[in-house]
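Worksheet for the structure shown next.
Chain naming here is simple, since letters A, B, ... match the order of the sequence lines and numbering starts at 1 in each. Computed over heavy atoms, backbone and side chain alike; hydrogens, waters and symmetry mates excluded.
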2 protein chains.
Amino acid sequence: MNYAQARSRAEILKALAHPLRVLLVEALTGGDQCVCELNKLADIDQSGLSRHLALLKRAGVVSDRREGMKVFYHLETPCIMRALECAFEVAKAGVKRNRKLLATG
Amino acid sequence: MNYAQARSRAEILKALAHPLRVLLVEALTGGDQCVCELNKLADIDQSGLSRHLALLKRAGVVSDRREGMKVFYHLETPCIMRALECAFEVAKAGVKRNRKLLATG
DNA sequence: GTACAATATGCGCATAATCGCATATTGTCA
DNA sequence: TGACAATATGCGATTATGCGCATATTGTAC
């Protein structure tokens, strides 16, 4: 893998590397949702949410479509969630490892 | 999923969300390597590399062990590569999608 | 046309990430 | 002990991110 390839992978990962965006992607695995629904996921200002969604869209992770006044977002890449599952396992393992280190050392 | 869980997942993703760190993780799937070897992967200053490795370690993605003067890094989570593969698919799809948009619009 | 609802964007500020350089630490060998 | 190799850390400068507020856009209904 060359640096250019690594950069494009990193771009995607960066798009996912935010708590709210993780929540958004997870929510969208259950099906498309409009911004007004997604806005209930976390206590965030609407303009911020809109920015996060735009960012995910730019990265190619989601797409959007308009229906009347509402805009629905769609998860283009369910495989991303499998990646997140793995990441979660890593996190748990890491926490355990650190606990062990603290107990031992 | 609550915000705390999302945050811990985002932490892992953030750790991976850098071109050099993507390269490092990929390189380590082939087996443990010392910093001096990893330093050949990209044109980066040694102290920078050390920082990136420390970051991956803090996130629980890699571990290190000392052997004489050298420090070897070990990938704790080969499953991470699936995330990278997925990210790559997303990236490719994104490029295709943009081409189509350019052609259509 | 007005009024309103849903969503997006411009802007300024605060915080975090990254980098390069110098320097410190740790281990080996003579 | 001193000299050197491998790695890590402190610091300052630059750049990128995220946030909240105000405002703009787009669509609907009257």
Distance check needed: [N] [atom2] versus [X] [atom1], whole Å only.
X: K14(A); N: dA17(C); atom1: NZ; atom2: P; result: 12 Å
X: L53(A); N: dT7(C); atom1: CG; atom2: P; result: 10 Å
X: K40(B); N: dT7(D); atom1: NZ; atom2: P; result: 11 Å
X: R65(A); N: dA8(C); atom1: CZ; atom2: C1'; result: 18 Å
X: K57(A); N: dT7(C); atom1: NZ; atom2: P; result: 13 Å
X: R7(A); N: dA16(D); atom1: CZ; atom2: P; result: 13 Å
X: L49(A); N: dG18(D); atom1: CG; atom2: P; result: 14 Å
X: K70(B); N: dC29(C); atom1: NZ; atom2: P; result: 12 Å

Options [options], nucleotide nearest the side-chain atoms of [X]:
X: V35(B); options: dT7(D), dG20(D), dT9(C); result: dT7(D)
X: R51(B); options: dC11(D), dT7(C), dT7(D); result: dC11(D)
X: V71(A); options: dC19(C), dA8(C), dT7(D); result: dA8(C)
X: D45(A); options: dG20(D), dT7(C), dT9(D); result: dG20(D)
X: M69(B); options: dG27(C), dC19(D), dT7(D); result: dG27(C)

Can you name the nearest heavy-atom pair linking [X] to [Y], along with the distance?
X: L53(A); Y: V62(A); answer: O-CG2, 4.1 Å
X: C86(B); Y: I80(A); answer: SG-N, 3.4 Å
X: Y73(B); Y: D64(B); answer: CE2-CB, 3.6 Å
X: Q33(B); Y: A27(B); answer: NE2-O, 3.3 Å

ask   = Counting any heavy atom closer than 4.0 Å, what does Y73(A) reach on the DNA or RNA strands: base, sugar-phosphate only, or nothing?
value = sugar-phosphate
request  = For G68(A), report the nucleic acid contact type (base, sugar-phosphate, nothing); a contact means any heavy atom under 4.0 Å.
outcome  = sugar-phosphate
ask   = Between Q46(B) and L55(B), who's closer to the 5' end of DNA chain C by nearest nucleotide?
value = L55(B)
inquiry  = Between E11(B) and K14(B), does any side-chain N to carboxylate O distance fall below 4.0 Å?
reply    = yes
Quiz item: S47(A) side-chain donor-acceptor pair to dC19(D) base, under 3.5 Å = no
query = Is it true that atom CG of N2(B) has more than 12 heavy atoms of other residues, nucleotides or ligands lying nearer than 6.0 Å?
reply = yes
query = Is the distance from OP1 or OP2 of dT17(D) to the nearest side-chain N or O of H52(A) less than 4.0 Å?
reply = no
request  = Give a yes/no on whether any side-chain N or O of R21(B) is located under 4.0 angstrom from OP1 or OP2 of dT18(C).
outcome  = yes
Which residue lies more 5' along DNA chain D, comparing A54(B) with H18(A) via nearest heavy atoms = A54(B)
remark   = The answer to which of A17(A) and F72(B) contacts DNA chain D further toward the 5' end, by nearest nucleotide, is F72(B)
